[in-house]
Amino acid sequence: WPINIWLYRTWDCYFWFGHNCIIRIIKSMEISTPGRICLFGEHQDYLGLPVIAMAISLRVRIRGYPRSDRKIVIHKKDFKETESFSLSDLNYNRPRDYFKSGLKVCLEEGLVFSNGFECEITSDIPIQAGTSSSSAIVVSWIHFLSLMAEKPIKWSLKKLGELAFKAEVLEFGEPGGMMDQYTTAIGNLVYIESEPELFVKQLSSNLGSFILGDSGEPKDTMKILKKCRDLRIDIIQNVKLKNKNFDLNSCGKDLDLSLLNHKEKDLFFSTIENRDILKRAKVELEKENPDHKTLGDLLNQQHSILREKLDISTKKIESMLKAALDAGALGGKINGSGGGGCMFVYAPENQESIVQAIESSGGEAYIIHSDIGSNFLTYL
């Protein structure tokens, strides 16, 4: 916060104070948070391996104001539905009850809410398509709550990511990793390690444009995540039984894999290969002028693993990728859990031709670039 300026809340508005005078009265507030794409390390973070992800220029927005009662009313414009509940009843009534879990984690952090809120949510991000629309909403919600509390607090973007991960994943025992919450909260291009402890580094490379393609195919995120995660966790546990001091982050291929069958060995080595593709990409992205063609080639290599070893691509995604590459994209991959949803390609040039190629294959295309993390605007 600016020096000598602070926020005071009444039941229906907020007052900015500074130098012994009221500067501004705030009756509503808007929080904006980006979606994300995973550049490298797809389906790896829940195994404790690093990821490189990018917040994108498609965003969720929550705009809201205080009510005079204890009711929470959330208008979801894109779904044409409204959710409401009371601050006095935060028992979960549905799977993935994120608005209540977000409130719970804020209360556990010591925030106090005497009155409820009326909110409206809108989004540019494709819904349930692998671009972290749900995580962007949870980050936005927690950011909104932090500034609407009796004593507002300015949490760091990293803290917002931490609390969103707790509300979205830990609270419901879901199989996802930390990438979505931290990337959407922090923004831009980030390298994230979750083990042995959390480490987040922003990468400054200005990569230019990507093209996101939404296939429109529905997908079962939890089913796919569980399938891809659980089988490999079992494989890794069996490798550990035969290899003392085994470390998935640094191991080579010279291991005792006698407890694995041929298919399991193939899947284990593909996980190592995916890990090493990220390492090569990180070296390139830390350069002042990364080689665009190299990055495109690495994206293609990673997609081959996701398609052939994890089996998460679809015929339509493959058709969209081929059309985009034929139109001049440098490389691309499926994005998110897979089984439908979105793909993206790297396109520092030829954007319009690539958009047309994706749309001719039946997808909806968006020109995107790196964008800032969660931020807030205030309104009179």
For this session: Mind checking side chain to side chain donor-acceptor pair (under 3.5 Å) for Lys322 and listing every partner two or more places apart, or none if nothing turns up?
Result: Asp326
Exercise. Hydrophobic clusters join Ile, Leu, Val, Met, Phe, Trp and Tyr when side-chain heavy atoms are under 4.5 Å apart, directly or via other members; which others share one with Leu259?
Worked result: Leu241
Exercise. When you measure from the side chain of Asp45 to the backbone N and O of Met179, does any donor-acceptor pair fall under 3.5 Å?
Worked result: yes
Problem set entry | Which residues share a ring-ring contact (aromatic ring centres under 6.0 Å, His included) with His43, sequence neighbours left out | Tyr46
Problem set entry | Set of residues satisfying salt bridge (charged side-chain N to carboxylate O under 4.0 Å, His left out) with respect to Glu109, sequence neighbours excluded | Lys159
Exercise. Below 4.5 Å, heavy atoms only, C-beta onward: do Pro290 and Leu207 meet side chain to side chain?
Worked result: yes
For this session: Mind jotting down which residue pairs meet the ring-ring contact (aromatic ring centres under 6.0 Å, His included) criterion with at least one end in residues 340-367? Sequence neighbours excluded, please.
Result: Phe210-Phe344, Phe210-Tyr346, His292-Tyr346
Problem set entry | Partners meeting side chain to side chain donor-acceptor pair (under 3.5 Å) with Thr294 (sequence neighbours left out) | Asp291
Exercise. Would you say the side-chain atoms of Lys242 pair up with the backbone N or O of Asp256, donor to acceptor, closer than 3.5 Å?
Worked result: no
Exercise. When you measure from the side chain of Thr131 to the backbone N and O of Arg36, does any donor-acceptor pair fall under 3.5 Å?
Worked result: no
For this session: For Asp78, enumerate each residue passing the salt bridge (charged side-chain N to carboxylate O under 4.0 Å, His left out) test, keeping only those at least two apart in sequence or located in another chain.
Result: none
For this session: Sequence neighbours left out, what pairs pass ring-ring contact (aromatic ring centres under 6.0 Å, His included) with at least one residue falling in residues 221-279?
Result: none
For this session: State, without any angle test, whether His303 and Glu42 hold a side-chain donor-acceptor pair at a distance under 3.5 Å.
Result: no
For this session: For atom CD of Glu171, decide whether the heavy atoms of other residues, nucleotides or ligands shown that lie under 6.0 angstrom number more than 12.
Result: yes
For this session: Answer whether the closest heavy-atom distance between the side chains of Pro50 and Asn249 falls below 4.5 Å.
Result: yes
Problem set entry | Non-neighbouring partners of Arg61 that pass side chain to side chain donor-acceptor pair (under 3.5 Å), sequence neighbours left out | Asp124
For this session: Not counting sequence neighbours, which residues clear side chain to side chain donor-acceptor pair (under 3.5 Å) with Lys293? List them please.
Result: Asp297
For this session: Output the rest of the hydrophobic cluster of Phe79: all Ile, Leu, Val, Met, Phe, Trp and Tyr residues reachable through side-chain heavy-atom contacts under 4.5 Å, sorted by chain and number.
Result: Ile127
For this session: Mind telling me whether Trp141 and Phe144 have parallel, tilted or perpendicular rings, with 30° and 60° as the class edges?
Result: parallel
For this session: Could you tell me whether a side-chain N or O of Asn245 sits under 3.5 Å from a main-chain N or O of Asp247, the two making a donor and an acceptor?
Result: no
Exercise. Where the side chain of Thr33 meets the backbone of Ser374, is there a donor-acceptor pair that is under 3.5 Å apart?
Worked result: no
Exercise. Do Arg275 side-chain atoms and Cys251 backbone N/O form a donor-acceptor pair below 3.5 Å?
Worked result: yes
Exercise. Counting only heavy atoms not in Asp254, do more than 12 fall under 6.0 Å of its CG?
Worked result: no
Problem set entry | Heavy-atom donor-acceptor pair, Asn335 side chain to Cys38 backbone, under 3.5 Å | yes
For this session: Quick one: which residue pairs count as a ring-ring contact (aromatic ring centres under 6.0 Å, His included) with a foot in residues 161-181, not counting sequence neighbours?
Result: Tyr92-Phe172, Tyr98-Phe172
Exercise. Crowded around Lys253 NZ? As in, over 12 foreign heavy atoms under 6.0 Å?
Worked result: yes
